[in-house]
Structure formats: structure tokens, C-alpha cells
Amino acid sequence: MTVLERIKDHRMIGILRGYDTEDALKIAGALVDTGFTVIEVALNSPNAKATVRAIKEEFGDGIVLGAGTVLNTEDADDCISAGAEFLLSPVYSKEVLDFSCDRDVLYIPGCYTPTEIYNAHKAGAGMIKVFPAGGLGAGYIKDVLAPMNELVLLPTGGVTPGNINEFLDAGAAALGISSALVPKGKVDRSLLEDVRGRAIKFREALSHNED
């Protein structure tokens, strides 16, 4: 399976933002324990590129690892070298898209309006992050896809176990999930158990969608 196919099959990307390498490794381990295996490390985190490398070395092919908040080609190059298998951004950069395509790495740009989404798609983006999606809701995804059902959309922001199936039923290919999966706080046994519990709730919500 390609990286894109694995993301679509998993239907969720868990976003780690704001944690240093040691804590991010612990959180990634808690996610993997539950079978949650598509993970993004946001670059606006301490030592983020080192974290990408450490997580990939620890979990190898058992996960699909991405780097997020990638805003330029220098960061894209560094993250790919560190082991990132896909790149994400809150915005669309033609330069990063071309750079990633040249290296056969999936780049998921962030777009908001139908025009932005369509232009990124036409430029070659294999998946597009609809961001921020929390205030838009699943109805927006359905409306965008109605005339352009070839789009592959990743709504990100505001996704919970309670609404994830609304987005999927509206046509989303997968969802980006941050604080609803990994809450802020000291990374101790209690928080890691909380992360495991939240991951299980998301996976249970998806299993109900399959019934």
C-alpha cells in the first residue's frame, strides 16, 4: 500500500504538538499500543526534527509517520531525511508541493475555501487538509465534494469521537486529530492512560461506522 492508501485505510492521523522528543516517544508508544499507527509530529514542537527521527527509529514500519507545519522546502528536506513519510502544512505552498513530488513524498497542504482546495488538487496534491475544520462542520465537506467528488479531503481541527463519523459519512477520506486525542499536560502515567483511552474511543467510533 502507498502512504496515501495507508492513511485512508487508517482514517485518522494523530497529531503530536508541543512535546519534546522524550515525551513524544512515550505518547507515540501509547498510541501504538492501541493500534493507532498514523502519527504526525508538528514542527512547532521542541526538537521536532529529532523527534521525527527518534519515533521512526523506534517504531519503524509499524507506523506511518508524518511531519506537520512544514512551511518551506528546507524543513521538508530535513523531515524527509529524518524519516517522515508524508508532510502536512496549515497552508498551501507550491514550492513544497513541487519539492515533495520530485521526491515521491506525499504532501498534504492546508486549504480552506473551495478555490484553494481545487487549486491545490489541480497542482498535484494527493490529499488536502481542510483547516481549520472545527467551525465548518461535516456539512461543509459534503458541500465541497458535491460538485468535486474526486477530491481527497482530510478535515483537521475539532474532530472528536462524537463527530468523526459525520465527517466520514460526508465524504472525508480521513481526519486529523489533535487535542481530542492527545491532551495537554505533564506526560506521566495518568496522561498516557488517558491517551490510550481516547485512542480506543476513536477506534471504537470507527468500528461502529463499519457495522
Side-chain angles (χ1 to χ4, degrees), residues 2-8 10-21 23-25 27-28 31 36-61 63-113 116-134 151-159 172-179 181-182:
T2 66
V3 168
L4 177 57
E5 288 169 341
R6 291 180 70 182
I7 293 172
K8 291 166 69 176
H10 195 265
R11 293 184 290 178
M12 299 179 290
I13 299 175
I15 302 168
L16 308 186
R17 186 185 307 277
Y19 297 98
D20 64 19
T21 301
D23 285 344
L25 275 168
I27 295 169
L31 292 173
F36 200 115
T37 56
V38 181
I39 297 170
E40 166 194 342
V41 175
L43 287 192
N44 58 337
S45 305
N47 305 310
K49 295 172 186 177
T51 299
V52 171
R53 186 178 301 278
I55 290 177
K56 193 59 186 174
E57 288 176 351
E58 178 72 18
F59 299 102
D61 293 337
I63 65 170
V64 184
L65 182 61
T69 322
V70 177
L71 300 174
N72 55 65
T73 57
E74 179 181 358
D75 283 342
D77 191 26
D78 289 345
C79 290
I80 293 169
S81 297
E85 299 163 90
F86 62 99
L87 308 174
L88 305 96
S89 175
V91 297
Y92 166 52
S93 166
K94 182 64 162 59
E95 292 77 12
V96 176
L97 175 61
D98 291 344
F99 181 90
S100 302
C101 288
D102 287 345
R103 286 150 183 80
D104 196 28
V105 173
L106 176 66
Y107 168 60
I108 307 173
C111 300
Y112 192 75
T113 68
E116 290 174 334
I117 293 168
Y118 179 74
N119 286 343
H121 166 72
K122 289 297 290 182
M127 174 177 269
I128 296 160
K129 173 180 173 179
V130 181
F131 175 81
L151 299 174
V152 181
L153 302 183
L154 176 85
T156 302
V159 180
L175 290 303
I177 309 166
S178 54
S179 59
L181 178 65
V182 182

Salt bridge (charged side-chain N to carboxylate O under 4.0 Å, His left out) pairs touching residues 95-104, sequence neighbours excluded, are K94-D98
Looking at every heavy atom in both I117 and I128, which two are closest together, and how far apart are they? O-CD1, 3.1 Å
Does any N or O in the side chain of T73 come within less than 3.5 Å of the main-chain N or O of A76, such that one atom is a donor and the other an acceptor? no
Between R17 and S178, is the side chain to side chain contact (heavy atoms under 4.5 Å, CB included) condition met? List the steps. CA-CA 8 Å; R17 186 185 307 277; S178 54; 5.7 Å; no
Under the criterion side chain to side chain contact (heavy atoms under 4.5 Å, CB included), which of I63, I7, I177 is the partner of V38? I7
Quick one: are L181 and L31 in side-chain contact, heavy atoms under 4.5 Å? yes
Just so I know, are the side chains of V130 and T156 near enough to count as touching, which here means a heavy-atom distance under 4.5 Å? no
Can you confirm whether K129 sits close enough to C111 that some side-chain heavy atom of one is under 4.5 Å from a side-chain heavy atom of the other? no
Can you tell me how far the OG atom of S179 sits from the CD1 atom of I15, to the nearest 0.5 Å? 9.0 Å
Could you check whether any side-chain heavy atom of L16 comes within less than 4.5 Å of a side-chain heavy atom of I55, counting everything from C-beta outward? yes
Nearest heavy-atom contact between T69 and A42 is OG1-CB, 3.8 Å
Donor-acceptor contact below 3.5 Å, side chain N47 vs main chain A50: no
Working to the nearest 0.5 angstrom, can you tell me the gap between K122 NZ and L151 CG? 10.5 Å
Nearest heavy atoms of V41 and A48, plus distance in Å: CG1-O, 3.9 Å
E58 vs L25, side chain to side chain contact (heavy atoms under 4.5 Å, CB included): CA-CA, chis, key distance, verdict: CA-CA 8 Å; E58 178 72 18; L25 275 168; 3.9 Å; yes
Atom OG1 in T113, atom OH in Y118: separation rounded to 0.5 Å? 13.5 Å
CD1-CE distance between I39 and M12, expressed to the nearest 0.5 angstrom: 11.0 Å
Could you go through the side chain to side chain contact (heavy atoms under 4.5 Å, CB included) check for I108 and L87 one step at a time? CA-CA 6 Å; I108 307 173; L87 308 174; over 6 Å; no
Is there a donor-acceptor pair under 3.5 Å between the side chain of S89 and the backbone N or O of Y92? no
So, taking the atom named OH in Y112 and the one named CZ in F131, what distance separates them when rounded to the nearest 0.5 Å? 10.5 Å
Are any of the side-chain heavy atoms of I13 and L154 separated by less than 4.5 Å? yes
Between E40 and G14, is there a donor-acceptor pair closer than 3.5 Å when you use the side chain of the first and the backbone of the second? no
Heavy atoms, side chains only, cut-off 4.5 Å: are S93 and L71 in contact? no
Would you say the side chain of T51 lies within less than 4.5 Å of the side chain of D20, judging by non-hydrogen atoms? no
Nearest heavy-atom approach of P155 to A172 is CD-CB, 3.5 Å
Shortest non-hydrogen contact between G18 and S45, atoms and distance: N-OG, 2.8 Å
Between the OG atom in S81 and the NZ atom in K49, the distance rounded to the nearest 0.5 Å is 9.5 Å
Of H10, E5, E85, which is the lone residue that meets side chain to side chain contact (heavy atoms under 4.5 Å, CB included) with V64? E85
Any heavy-atom pair between the side chains of K56 and D61 that's under 4.5 Å? yes
What closest approach, in Å, do A173 and M127 show between heavy atoms, and which atom pair accounts for it? CB-CE, 4.0 Å
For A54, is there any backbone N or O sitting under 3.5 Å from a side-chain donor or acceptor partner on E57? no
